[in-house]
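Contents: one structure, followed by commentary.
Every value quoted in this text rests on a predicted model; they were computed, and no experiment measured them. We use all heavy atoms of the structure for the numbers below, so side chains are in, but hydrogens, waters and symmetry mates are not. Sequence lines set the chain letters: A, B, ... in the order given, protein chains first and strands last, and positions in each chain run from 1.
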2 protein chains.
Amino acid sequence: MHTETITTINDEATGIPVEMNITAFLSAAECNAQSEMSLPLLTQKLIDAATAHANALHVGYEDLVKDNTGWVLSRISIEMTRYPAINEDYSITTWVEGFNRRFSARNFMISDSKGDVIGYVRSIWVAIDFATRRPVDLSVFEDRIIPSSRQCPIATMPRLANIENPERVVDHHFSFCDIDFNRHVNSARYVETILNQWDVAFYDRNIASRFDIVFLAEIHFDDEVKIAVKQDSEGVFDVALAKVNTGFSVATRARLSFSPR
Amino acid sequence: MHTETITTINDEATGIPVEMNITAFLSAAECNAQSEMSLPLLTQKLIDAATAHANALHVGYEDLVKDNTGWVLSRISIEMTRYPAINEDYSITTWVEGFNRRFSARNFMISDSKGDVIGYVRSIWVAIDFATRRPVDLSVFEDRIIPSSRQCPIATMPRLANIENPERVVDHHFSFCDIDFNRHVNSARYVETILNQWDVAFYDRNIASRFDIVFLAEIHFDDEVKIAVKQDSEGVFDVALAKVNTGFSVATRARLSFSPR
């Protein structure tokens, strides 16, 4: 069992941790069929890193829950040249790029055991009031967060529109183990469900080089879900999960680009 | 992010770690719909603890892979009075009860944040030669392992027989994300698939107080699977996963007892 090492880069004047770096080891038990870190696990590790940095900034779960508020991941864009491999040390560096009253932009850099950068991630977070489900004004956090000037050289999320004339539409029902303590489908399980639209042989030939996902509505255990998939002329796939029982309201949209191995 | 604390109790004469204890924190992100540790996650944590102790005993992955051999979990019996709760520290203690030429019996004790015991686990492991898929003679490890005299007060695994006249039989197809680096379905995903035979409302009313599972054959991505479920007169459920495409060969059998909350 390998423990994680967490370090921060702090602002000299205030001591505020501007960046956090988490170095960890990818065990065999954590790997997918291609003996590398899966995209759902990477998503979970990014959320964990964001949580740890928010805690260190005193804007974490325990700080927000006092006001009955909490962070919600709104969208995430992941661009990888390769994924951490079996029995490899890797590190995740995270920082806040900026924030306004409505949302916080948090970026990530993923490095391999040699220190070479293998990916970047952009994410957008909002804080909501659990009672009203309405966004909270983030300007109250102004004195606790210092954005980093570190660059994130990947494009921001494209606008993901409705899928017209999908090539495939399949029915899906989430299971007991997909539901988390919020009583809705876990973010990482959305990612899994999208990746599961392709088979093992496809991933033997291709890696997901870019993945964009926007979370629009929660899916609950009893929701009937349809998954639509469409490939554009450049080989980019759009995927949407819609809830049949709520008038086909779209719960999530995603876009995937694959590269041959 | 909370790091794990690992301690061992060592044999005075040889320094061999007879017991290993891992203390960890159950984060919100790890919790199921009932805001507690799920049985699949507990199973994974037990496998991780077994792996860590085997490494410390110099009978771990890196020691065995030199001879192209490795440990395989054959069966596990988990008995819990309650599960670790959200934001709670818990600890897993593991030790070898005994071993012979064919298998190793490894036990676990799970304690809560106050140090009270909340569960015990029995497991049986074999080591196999990856080339021949045949068991390896474990007597070569005799000088590296010292069994602990710590008691494990739960029953050994009952014999799980064929399910005659099942009440329910459902079709199942495993997905890309269920397959691990061994190219077959991950052990924790077998456990998930079995628990997924009940809905969220059932788990709101009941906890899985005893869970026995025996792993008989590997399930691969392309296997067509049927899941059979039967309840006996005392409310105990038997579940089996059979592979249709290999003449209904049974891949795993499990038995579950539930207690009202």
Side-chain angles (χ1 to χ4, degrees), chain A residues 1-6 20 22 24 27-36 38-41 44 47-49 51-53 55-56 61-62 65 70 86-87 174-184 186-189 191-204 220-222, chain B residues 1-6 20 22 24 27-36 38-41 44 47-49 51-53 55-56 61-62 65 70 86-87 174-184 186-189 191-204 220-222:
Chain A
M1 198 161 291
H2 296 249
T3 45
E4 294 175 337
T5 308
I6 301 180
M20 179 173 275
I22 299 169
S27 70
E30 291 179 309
C31 288
N32 65 8
Q34 287 75 37
S35 293
E36 60 194 20
S38 71
L39 195 43
L41 182 64
Q44 190 57 56
I47 294 171
D48 291 347
T51 303
H53 191 206
N55 288 341
Y61 175 80
E62 288 179 21
V65 78
I86 189 166
N87 294 325
F174 284 95
S175 299
F176 165 61
C177 291
D178 298 319
I179 308 297
D180 74 9
F181 73 106
N182 287 313
R183 306 287 288 189
H184 50 71
N186 185 279
S187 305
R189 295 292 176 134
V191 179
E192 267 195 22
T193 304
I194 291 165
L195 293 189
N196 282 342
Q197 302 312 307
W198 291 269
D199 64 12
V200 171
F202 179 83
Y203 290 99
D204 285 341
H220 298 89
F221 179 73
D222 289 323
Chain B
M1 198 159 294
H2 296 249
T3 44
E4 294 175 336
T5 309
I6 301 179
M20 178 173 275
I22 299 169
S27 70
E30 292 179 309
C31 287
N32 64 8
Q34 287 74 37
S35 292
E36 59 195 19
S38 71
L39 195 43
L41 183 63
Q44 190 57 56
I47 294 171
D48 291 347
T51 302
H53 191 206
N55 288 341
Y61 174 80
E62 287 178 21
V65 77
I86 190 167
N87 294 326
F174 285 94
S175 299
F176 165 61
C177 291
D178 297 318
I179 308 296
D180 73 9
F181 73 107
N182 286 311
R183 307 287 287 188
H184 50 70
N186 185 279
S187 304
R189 294 293 175 133
V191 179
E192 267 196 22
T193 304
I194 291 165
L195 293 188
N196 282 341
Q197 302 313 306
W198 292 270
D199 64 12
V200 171
F202 179 83
Y203 290 100
D204 285 341
H220 298 90
F221 179 74
D222 289 322

Self-check item: Part of A:Asn87 within contact of chain B (heavy atom distance under 4.5 Å)
Solution: side chain
Practice problem: Sort A:Phe202 into side chain, backbone, both or neither according to what part of it lies under 4.5 angstrom from a heavy atom of chain B. | Solution: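 Neither; nothing under 4.5 Å.
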Practice problem: Could you have a look at A:Ala201, A:Cys31, A:Ala33 and say which one has the most heavy-atom pairs with chain B under 4.5 angstrom? | Solution: A:Ala33
Quiz item: If you count heavy-atom pairs under 4.5 Å between each of A:Arg189, A:Gln197, A:Glu36 and chain B, which one has the most?
Solution: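 Greatest number of close heavy-atom pairs with chain B: A:Arg189.
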Self-check item: Side chain to side chain, B:Val200 and A:Arg183, heavy atoms closer than 4.5 Å
Solution: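 Yes, their side chains come closer than 4.5 Å.
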Self-check item: B:Ile86, part contacting chain A, at a heavy-atom distance under 4.5 Å
Solution: side chain
Quiz item: With only heavy atoms counted, which part of B:Gln44 is less than 4.5 Å from chain A, the side chain, the backbone, both or neither?
Solution: side chain
Practice problem: Go through B:Pro40, B:Ser187, B:Ala28 and name the one with the most non-hydrogen pairs under 4.5 angstrom from chain A. | Solution: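 Most heavy-atom pairs within the cutoff with chain A belong to B:Ala28.
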Exercise. Look at B:Asp222, B:Asp180, B:Thr193, B:Asn186 and state which one has the largest set of heavy-atom pairs under 4.5 Å with chain A.
Key: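 The residue among B:Asp222, B:Asp180, B:Thr193, B:Asn186 with the greatest pair count is B:Asp180.
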To the nearest 0.5 Å, how far apart are [atom1] in [X] and [atom2] in [Y]?
{"X": "A:Phe176", "Y": "B:Glu192", "atom1": "CZ", "atom2": "CD", "value": "9.5 Å"}
{"X": "A:Asn32", "Y": "B:Cys177", "atom1": "CG", "atom2": "SG", "value": "8.0 Å"}
{"X": "A:Ser27", "Y": "B:Phe181", "atom1": "OG", "atom2": "CZ", "value": "8.5 Å"}
{"X": "A:Ser38", "Y": "B:Ile179", "atom1": "OG", "atom2": "CD1", "value": "12.5 Å"}

